[in-house]
Amino acid sequence: MKNKAELVFGIIFCVVSIALALIGAMLDLIMFITGMVLLLVSGSILTHWSTLNYNWVCDECGENVDLTFKQRISKINGNAKNKKMYCPNCQKETKFSKCKKKSDK
């Protein structure tokens, strides 16, 4: 797994920001807003990690597609394992499945 440190940092950052938001909800509005902003940042870190470690395979033709961070954010449809996207090989919108990228080792 590439970028394991980024994954661990993103998860810890996410937990800390949730705790900060919960404490802020009880005590202070600024702390709550800060926690929510940090939660969005940690979500971006985890999405970036996922972009680096996974690619998408067309269920119809087997074409591998590497999504950029921007595409990953904009392709929210579907669930974590499947997305409906345009396949450059099939020339139509088809279902894609998530799979791990091969390790460089």
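Using a 4.5 Å heavy-atom threshold, the side chains of N64 and W56 count as separate. Side-chain contact between T94 and D59 is absent, with no heavy-atom pair separated by less than 4.5 Å. Looking only at side-chain heavy atoms (C-beta outward), I23 and M31 come within less than 4.5 Å of each other. Contact check for I11 versus L46: side-chain heavy atoms found under the 4.5 Å cut-off. Between V65 and N55, the closest side-chain pair of non-hydrogen atoms is not below 4.5 Å. In this structure, Y86 and Q91 have side chains that are in contact, with non-hydrogen atoms separated by less than 4.5 Å.
No chain of hydrophobic side-chain contacts below 4.5 Å, direct or via other Ile, Leu, Val, Met, Phe, Trp or Tyr residues, connects F9 to V16. W49 and F13 fall into different hydrophobic clusters, where Ile, Leu, Val, Met, Phe, Trp and Tyr residues are linked whenever their side-chain heavy atoms come under 4.5 Å apart, directly or through other members. At a threshold of 4.5 Å between side-chain heavy atoms, the hydrophobic network of Ile, Leu, Val, Met, Phe, Trp and Tyr places L38 and L27 in one connected group. Residues L40 and I33 do not share a hydrophobic cluster, defined by chaining ILVMFWY side chains whose heavy atoms lie under 4.5 Å apart.
Counting all heavy atoms, side chain and backbone alike, C90 lies closest to C58 at SG-SG, 3.8 Å.
Counting non-hydrogen atoms of neighbouring residues, nucleotides and ligands closer than 6.0 angstrom, the CD1 atom of I30 reaches no more than 12 such neighbours.
Of the residues listed (T34, V15, V37, L39), the one engaging L20 in a side-chain contact (heavy atoms from CB on, under 4.5 Å) is T34, and it is the only one.
K92 contributes atom NZ, which lies 9.5 Å from atom SG of C61 (distance to the nearest 0.5 angstrom).
Between K95 and E60, no side-chain nitrogen of the basic residue sits less than 4.0 Å from a carboxylate oxygen of the acidic one, so the salt-bridge criterion is not met.
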